[in-house]
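These notes concern the structure reproduced below.
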Amino acid sequence: MRITTWNVNSLRVRLPHVLRFAEEQAPDVLCLQELKLSQDAFPEEELRAVFPHLEWWGQPTYNGVAILSKLPLEDVRRGFAGWKDDEARVLSCLVGGVRLWCLYTPNGQAVGTPKFLYKLEWLGHLREDLDRFETGTDVVVVGDMNVAPDDLDLWDPFKLDGQILCHPDERGALQRVLDWGLLDPFREKNPYANEFSWWDYQKMGFQRNHGLRIDHTFVARHLLPSVGAVTIHRDVRGWDNPSDHAPVSLDLKR
DNA sequence: ATGCCAAACTGCGTTTGA
């Protein structure tokens, strides 16, 4: 089973990219973030032809998440249990025997701002949502996490030191999520890789490889032997009129 | 110190993203 996460930065604009990616890379489950469209503007017909099982949570202008699947989706939930939040950032479900989260973590804007505090609070509620499940559960958490966990996930750790997306508070909040019992199989399999999943549109970010690794596929510890590969589809960032994020695929042997 | 890019909204510029 291949599970892919991709922040598309407007599904309206990126629908052709999604269809092309689905054909070329054949994900079984495609988790999308930043749809930037309302619930009724979702391109259901076009996607249903490729992915019979669709769930989405739209919102005008901002946010929006979707799970497109070739396998049936069960027990679909919006948001985190026990926390009311109107921002469309969280979908979770049961698919192919795994408990899956599709997440769009708040960006945080700038360190110390109200949005930064919301981001930390949000990650705290993610941990609480995970805590509803026992450690042995087959959990997979994917999405635009908006945190680069390690300096290896940054194009310039000195220039970016202490800034948004890699501030110690964000890394700490993400670590508390991982402490539920999750691993980052990309890092496990590529301990020294200096690869990125997002590159700034500005200042020739992609051409100069000025990027960050902020899109992740986390799995419950015991699933690590089942992980075949984690692939960052860097080439997709080089397509015409691309999203600023590349898709990331998790291949699970099961 | 700021815009540099891209997208959405109703706009003829502003806000947000990362």
Side-chain angles (χ1 to χ4, degrees), chain A residues 5-18 31-43 56-66 85-90 102-123 126 142-174 194-217 232-234 236-248:
Chain A
T5 178
W6 192 8
N7 178 323
V8 291
N9 185 20
S10 169
L11 182 55
R12 209 187 306 272
V13 174
R14 236 63 72 183
L15 180 60
H17 303 66
V18 169
C31 296
L32 303 180
Q33 302 91 33
E34 275 215 272
L35 308 183
K36 289 186 169 179
L37 44 75
S38 59
Q39 187 71 12
D40 57 5
F42 187 83
W56 68 98
W57 183 12
Q59 177 183 330
T61 314
Y62 303 116
N63 309 319
V65 283
D85 185 14
D86 292 331
E87 301 204 3
R89 298 180 174 277
V90 183
C102 168
L103 302 174
Y104 177 42
T105 303
N107 156 288
Q109 201 165 54
V111 175
T113 61
K115 286 181 181 178
F116 184 77
L117 299 177
Y118 168 65
K119 178 180 195 173
L120 300 180
E121 184 186 13
W122 191 96
L123 286 166
L126 169 56
V142 307
D144 174 2
M145 301 306 297
N146 268 321
V147 181
D150 190 89
D151 282 354
L152 271 174
D153 302 315
L154 310 172
W155 67 274
D156 188 339
F158 300 100
K159 197 181 285 280
L160 298 173
D161 183 45
Q163 293 191 31
I164 193 72
L165 309 179
C166 59
H167 188 274
D169 291 353
E170 298 167 68
R171 286 175 166 176
L174 181 64
N194 194 204
E195 293 182 33
F196 313 125
S197 66
W198 171 87
W199 297 260
D200 204 325
Y201 284 125
Q202 304 177 56
K203 293 179 283 193
M204 308 270 281
F206 184 59
Q207 290 83 346
R208 297 200 282 178
N209 200 30
H210 290 183
L212 307 171
R213 194 173 70 93
I214 54 179
D215 300 271
H216 301 290
T217 63
I232 303 176
H233 303 274
R234 191 181 193 283
V236 175
R237 181 62 176 79
W239 289 359
D240 284 347
N241 195 26
S243 166
D244 43 357
H245 295 254
V248 181

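Quick note: numbers below take in every heavy atom, side chains included, and nothing from hydrogens, waters or symmetry partners. Chain naming here is simple, since letters A, B, ... match the order of the sequence lines and numbering starts at 1 in each.
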Strictly under 4.0 angstrom, non-hydrogen atoms only: write out the protein contact profile of nucleotides 5-18 of chain B, one letter per nucleotide from the 5' end, B, S or -. BSSSS------SSB
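- Nucleotides B/dC12 and B/dT2 are separated by 24 Å at their P atoms, to the nearest Å.
- Salt bridge absent: A/Glu195 and A/Arg234 never bring a charged side-chain N and a carboxylate O closer than 4.0 Å.
- The closest donor-acceptor contact from the side chain of A/Gln59 to the backbone of A/Ala88 lies under 3.5 Å.
- Between A/Asp144 atom CG and A/Asn9 atom CG the span is 10.0 Å, to the nearest 0.5 Å.
- A gap of 14 Å separates the C1' atoms of B/dA18 and B/dC4, to the nearest Å.
- One finds no salt bridge joining A/Arg208 and A/Asp156 here, because no Lys/Arg side-chain nitrogen approaches an Asp/Glu carboxylate oxygen to under 4.0 Å.
- Among the candidates A/Asp150, A/Asp151, A/Asp153, the single residue satisfying the salt bridge (charged side-chain N to carboxylate O under 4.0 Å, His left out) test with A/Arg171 is A/Asp151.
- Rounded to the nearest Å, the gap between the C1' atom of B/dG17 and that of B/dG3 is 15 Å.
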Each base of DNA chain B marked ( ) or [ ] if paired in-strand (Watson-Crick or G-U under 3.5 Å), | if paired to another strand and . if unpaired gives ....(((((...))))).
side-chain contact (heavy atoms from CB on, under 4.5 Å) between A/Trp6 and A/His17: does it pass, once the steps are laid out? CA-CA 11 Å; A/Trp6 192 8; A/His17 303 66; 3.8 Å; yes
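- Side-chain N or O atoms of A/His216 include one that pairs as donor or acceptor with a backbone N or O of A/Val147 at under 3.5 Å.
- The same atom, P, is picked in B/dT15 and in B/dT10; the two are 14 Å apart, to the nearest Å.
- In summary, the side chains of A/Lys119 and A/Asn107 do not present any donor paired with an acceptor at a separation below 3.5 Å, with no hydrogens or angles considered.
- Taking atom C1' in both B/dG11 and B/dT16, the straight-line distance is 16 Å, to the nearest Å.
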